[in-house]
Asker: 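For reference, the structure I am asking about is given below.
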Amino acid sequence: MTGRAIVITSGKGGVGKTTTTANLGAALSIKGKKVLVIDGDIGLRNLDVIMGLENRIVFNIVDVAKGVCKPQQALIKSKKSNNLFLMPASQTDDKDVITPVEMKQIIGKLKQEFHFILIDSPAGIEQGFRNACAGADEALLVTTPEVAAIRDADRVIGLLSTQGLDARLILNRVDKDMVRRGEMLSPADVIDILGVDQIGLVLKDNHVVISANTGEPVVYNPKSRAGESFLRIAERLIGGEAAMEDSDMGMSLWAKIGKRLRAA
């Protein structure tokens, strides 16, 4: 087995990158894939909390990099799936304690054991970002339909390109009603601005907040629209066909602005 290592990144913090990592990992495991999710946010780990595994941590990725333990000793099995594992970040070290070379070596070894390795990149574009990209074969870019988030995402697309990584877009927290009222950028707007292929669209869903607080990924909730979206993204990742969520939402904010400019 030679698995696929995918970095999940953004530019701006708070767009749902860690939630996306946890839920895509869970969704891929539901589809029969053996999955490892790695928390690359050294010093500010959160992936363990989202997955409800914070009380099971003994070793972390820094311990692996520095030879304190073997990679397998730092893996924590999910409570919900025998196919899903977490390698947590350290909560007390600095982001630069691990080098890109060390990260690449860790991922290279583990790719022999997993179909997918998902790396949760920290926000920003400094050392933590470079580490997360170092061992990746592919990139998923998470953004919300907000101007500030999209501006930062555009910057990250360029940085990913310098790493030899093409980005595919996951547009998160889309509110159909706001798009219809012209109060939010539409999916088509965001794709037009960023110029990258879209692999998924996740609708705004309060179940996501509940799932984060309870430590159980939302894909396990059959009532969740967001959970269904993550399952569809997972299906596309493994090469299956899954219809994209409806993005025909009427006049967008971008179109509205354009209309005003033409009138002026």
Asker: Do M51 and I76 come close enough that some side-chain heavy atom pair is under 4.5 Å?
Answerer: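 M51 does not reach I76 side chain to side chain.
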
Asker: Are R56 and P88 side-chain neighbours, meaning at least one heavy-atom pair lies under 4.5 Å?
Answerer: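 Heavy-atom side-chain distance check fails, nothing below 4.5 Å.
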
Asker: Checking side chain to side chain contact (heavy atoms under 4.5 Å, CB included) for the pair D120/V37: CA distance, chi angles, key distance, verdict?
Answerer: CA-CA 7 Å; D120 182 22; V37 294; over 6 Å; no

Asker: Answer whether the closest heavy-atom distance between the side chains of V196 and I191 falls below 4.5 Å.
Answerer: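 No, their side chains stay 4.5 Å or more apart.
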
Asker: Is the side chain of N131 donor-acceptor paired with the backbone N or O of G128 at a distance under 3.5 Å, no angle test?
Answerer: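 A pair under 3.5 Å: no.
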
Asker: Less than 6.0 angstrom from the centroid, inside 45 degrees of the normal: does K34 satisfy that with respect to the ring of F114?
Answerer: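 The answer is yes, since K34 meets both limits relative to F114.
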
Asker: Please tell me if the side chains of F59 and S90 come closer than 4.5 Å, counting only heavy atoms from C-beta onward.
Answerer: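 No, too far: nothing below the 4.5 Å cut-off.
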
Asker: Under a 4.0 Å N-O cut-off, is there an ion pair linking E146 with R173?
Answerer: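 Judged by the 4.0 Å cut-off on N to carboxylate O distance, E146 and R173 do not form a salt bridge.
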
Asker: Enumerate the residue pairs fulfilling salt bridge (Lys or Arg N to Asp or Glu O under 4.0 Å) with a member in residues 15-26, sequence neighbours excluded, ordered by first and then second residue.
Answerer: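 Counting only pairs at least two positions apart or across chains, no salt bridge (Lys or Arg N to Asp or Glu O under 4.0 Å) contact touches residues 15-26.
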
Asker: May I ask you to decide whether R155 forms a salt bridge with D152, counting only side-chain N to carboxylate O separations under 4.0 Å?
Answerer: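 Looking at D152 together with R155, the answer is no, because their closest N to O distance does not fall below 4.0 Å.
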
Asker: Identify the heavy atoms of S10 and V142 that sit nearest to each other, and give their distance.
Answerer: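 Closest approach of S10 to V142: CB-O, 3.2 Å.
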
Asker: Considering only NZ, NE, NH1 and NH2 on the basic side and carboxylate oxygens on the acidic side, decide whether E102 and K66 come within less than 4.0 Å.
Answerer: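 Salt bridge: yes.
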
Asker: Closest heavy-atom contact between I107 and G135?
Answerer: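 In this case the closest contact between I107 and G135 is CG2-O, 3.6 Å.
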
